[in-house]
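In what follows, a single structure is set out as structure tokens and then discussed.
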Amino acid sequence: DASFPTDYEIADAAETEHIADVVEPFGLDREDLELHGEDKAKVRLDAIEETVAEHEADGKLVLVTGMTPTPLGEGKTVTTVGLGQAFNRIGKDALVAIREPSLGPVFGVKGGAAGGGYSQVLPMEDINLHFTGDLHALTAAHNLISTMLDNHIKQGNELDVAVNWVNWPRAMDMNDRVLRETVIGLGGDVTGVPREDGFILTAASELMAVLCLADSLADLKERVARIIVAYDGDGDPITVDDIDATGAVTILLKDAIKPNVVQTIEGTPAFVHGGPFANIAHGTNSLMADRLASHLSEYLVTEAGFGSDLGAEKFMNIVCRFGEMEPDAVTLVASVRALKYHGQDMWPPELDELEDEDVAAVERGFENLDKHVRNLQQFGVPVVVAINRFPGDTDAEVQAVVDHCEEDLGVRVSESTVFSDGGAGGEDLAEKLVDAAESDSDFEYLYEADVPITEKIETIATEIYGADGVEYHGDAEEDIERLTDLGFDDMPVCMSKTFHSLSDDPSRKGAPEDWTLEVTEVYPSTGAGFLVVLTGDVLTLPGLPAEPAAAGMDIDEDGTISGLF
Ligand SMILES: Nc1ncnc2c1ncn2[C@@H]1O[C@H](COP(=O)(O)OP(=O)(O)O)[C@@H](O)[C@H]1O
Ligand SMILES: O=COP(=O)(O)O
Ligand SMILES: [Mg+2]
């Protein structure tokens, strides 16, 4: 919509308050903060402990998830930020907790992750670029482990590291696909021992998960110490502590563990901390931010990435389990665009074909929405569908979704216009979530942690993805046996799967049936405390599209940025 200002123009025109004034009404004082300019701050760890000790954690937790998205995303972050604003407009103290962006998508397909329109967190350009340096710190810390591991091998390899059994790649915060598979150590003995290696996106690093799940600096250090980086010739694990890297790595993360706080366009405090994606990692912001926020306000609105099959499943089964918390309500973001996209076998996506009014296509896409509603109801939490209205949506298309939710699904539904109208566009949704959050919910995990690894995988595959069963390829079955022998089988599983489909085949839309999930590898993230299950061809280092967002960006002589969204 050419007449509508860009995210950057809206953000640039917005008035921001000093961050200390924004958080003060919620109980954080200036001395609790480490200021990064006037509109960004980190919260001191001792201030978090004091807050947790002084204030009851009686806040209600609202999770924002979504249906299976188009590659552009359907508005979970926008809805999360908009809801934070809307709750405050209807008189409910509310805070927002979201992840911090990775430069990979910023310069790639999706762009930034600071929301959009009149539901953004500010300063969007800082948040989408270097922010407070957490991603850079994580990248450096990750690569320090790699450097010390290869140095150990070079300096005599006392630990007998099996050079073909190193499962700690290098990391970078850029979608540079050509570095997925590399050979290192070339150049003769002066350089080191040649071996295969590769890069992953920093968002997929186990250190990102460790940062998001740690509840103190001491806990962070203990988690870092037990990260398995390789195995020796006998198949015994070699940890970060074994290569004497624990202290240095923790030093590099000493500031990154502190939650960042900024503000939304309407002055609602927003914690923006940690950035694991929900396809290749667990997909939600740090527990540290959730814990702090839940002690500071009546409502906490937080987002889990991609569809309910990814971010929400892992939020319930991993994050809530570790954080000893549970959602009081879930809002499932749907869009007319995504419903039409699922209403046909469209792969690769031709999104401009979805622009014309087509109620029938919207209705054909309901099977995807319905499966996500059923997924969430399995966790025993009330669901409210949020129709995130885009400019081209027609009343008839939106009404079809409202009718379907009310008449066919019997769930609360609300049309949200928080993108174009800010918090005012989400007041009805907020009211319905208050209603849902106050109704009783009997939250339960999908599986108990002590059931066999295969049972955890099969439960998620059949009950959440809709698979008939699971096939194990490559060394996946040996992996599971070894992990069980090592005593890691009582950890929850973090499924790594495409976000383009409920199944492991990106081209399959709607709610695919008659298929089997293919598991290719299972490895332990012992620092995070979960097992990563690789399925299909999920890429832990994405690539740039033919026309990357970066190509449309510019900055003029007075520092005005264009093309960042
Ligand atoms: N209602 C809307 N109208 C127009 N653009 C929107 C709307 N909601 C989201 N967007 C844009 O779509 C993209 C994805 O939104 P985002 O909230 O990041 O989705 P998600 O978190 O689900 O991936 C962003 O560029 C955002 O600004
Ligand atoms: O991990 C993915 O998060 P979004 O769905 O918010 O892009
Ligand atoms: Mg998002």
Side-chain angles (χ1 to χ4, degrees), residues 1-2 4-11 63-84 96-102 104-106 108-121 124 127-128 201 203-204 208-209 212 265 270 272 274-285 301-315 331-338 351 355 372 386-393 398 415-422 425-426 429 494 496-500 538 540 542 549 552 563-565:
D1 183 350
F4 199 81
T6 66
D7 290 351
Y8 181 76
E9 286 163 347
I10 293 171
L63 177 68
V64 180
T65 181
M67 63 184 286
T68 304
T70 70
L72 298 178
E74 302 319 307
K76 293 185 302 296
T77 304
V78 163
T79 303
T80 303
V81 175
L83 264 177
V96 166
I98 54 175
R99 286 160 298 157
E100 51 188 305
S102 154
V106 168
V109 175
K110 285 195 70 171
Y118 290 92
S119 290
Q120 294 186 60
V121 285
M124 72 84 88
I127 293 167
N128 281 323
L201 199 63
M208 174 66 86
C212 285
I265 279 191
V272 182
F277 294 166
N279 54 341
I280 54 181
H282 71 279
T284 50
N285 57 266
V301 189
T302 192
E303 172 195 1
F306 295 132
S308 77
D309 52 319
L310 288 166
E313 183 275 307
K314 298 178 209 180
F315 184 80
T331 197
L332 174 58
V333 176
S335 73
V336 164
R337 166 171 86 182
L351 300 184
E355 282 164 9
H372 285 284
I387 308 168
N388 176 27
R389 184 150 190 171
F390 279 73
D393 296 352
V398 172
E415 177 187 344
S416 162
T417 59
V418 296
F419 180 89
S420 48
D421 304 329
L429 177 59
C494 180
S496 182
K497 178 181 77 68
T498 179
F499 66 88
H500 295 291
V538 181
T540 47
L564 185 62
F565 59 92

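Note that ligands are numbered from 1 as they come in the structure, with each ligand's atoms numbered from 1 the same way.
For the 3.5 Å distance criterion, the side chains of Thr68 and Asp309 fail to qualify, holding no donor opposite an acceptor.
A distance of 9.5 Å separates OG1 in Thr540 from CG in Asn279, rounded to the nearest 0.5 Å. Rounded to the nearest 0.5 angstrom, Phe565 CZ and Thr6 OG1 are separated by 11.0 Å. For the atom pair CD of Gln120 and CD1 of Ile127, the computed distance is 9.0 Å after rounding to the nearest 0.5 Å. The CD atom of Glu415 sits 8.5 Å away from the CG atom of Asp393 when rounded to the nearest 0.5 Å. A distance of 9.5 Å separates CD1 of Ile387 from OG of Ser416, quoted to the nearest 0.5 Å. Interatomic distance, OG1 of Thr417 versus CZ of Arg389, reported as 9.0 Å (0.5 Å rounding).
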Does ligand 1 have any N/O pairs with the protein under 3.5 Å, and how far apart?
| unit_1 | atom_1 | unit_2 | atom_2 | d |
| --- | --- | --- | --- | --- |
| ligand 1 | 1 (N) | Asn388 | OD1 | 3.0 |
| ligand 1 | 1 (N) | Arg389 | O | 2.8 |
| ligand 1 | 8 (N) | Asn388 | ND2 | 3.0 |
| ligand 1 | 17 (O) | Thr77 | N | 3.1 |
| ligand 1 | 17 (O) | Val78 | N | 2.9 |
| ligand 1 | 19 (O) | Gly75 | N | 3.0 |
| ligand 1 | 21 (O) | Thr77 | N | 3.0 |
| ligand 1 | 21 (O) | Thr77 | OG1 | 2.9 |
| ligand 1 | 21 (O) | Glu303 | OE2 | 3.1 |
| ligand 1 | 22 (O) | Gly75 | N | 3.2 |
| ligand 1 | 22 (O) | Lys76 | N | 2.8 |
| ligand 1 | 22 (O) | Lys76 | NZ | 2.7 |
| ligand 1 | 23 (O) | Lys110 | NZ | 2.5 |

Are there any N/O pairs under 3.5 Å between ligand 2 and the protein, and if so, what are their distances?
| unit_1 | atom_1 | unit_2 | atom_2 | d |
| --- | --- | --- | --- | --- |
| ligand 2 | 1 (O) | Arg99 | NH1 | 2.9 |
| ligand 2 | 1 (O) | Ala278 | N | 2.8 |
| ligand 2 | 3 (O) | Arg99 | NH1 | 3.2 |
| ligand 2 | 3 (O) | Arg99 | NH2 | 2.9 |
| ligand 2 | 5 (O) | Lys76 | NZ | 2.7 |
| ligand 2 | 5 (O) | Phe306 | N | 2.6 |
| ligand 2 | 6 (O) | Arg99 | NH2 | 3.0 |
| ligand 2 | 6 (O) | Glu303 | OE2 | 2.7 |
| ligand 2 | 7 (O) | Lys110 | NZ | 2.3 |

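Considering all non-hydrogen atoms of both residues, Thr284 and Glu303 come closest at CG2-O, 3.4 Å.
Looking at Glu303 and the Mg ion (ligand 3) together, the shortest N, O or S contact belongs to OE2.
For the side-chain contact (heavy atoms from CB on, under 4.5 Å) test with Thr331, the passing option among Val64, Leu63, Thr65, Thr80 is Val64; the others fail.
Ring-plane geometry between Phe4 and Tyr118 is classed as perpendicular, the angle between the planes exceeding 60 degrees on a 0 to 90 degree scale with a lower cut at 30.
Backbone or side-chain N, O or S atoms of Thr77 reach the Mg ion (ligand 3) at under 2.8 Å.
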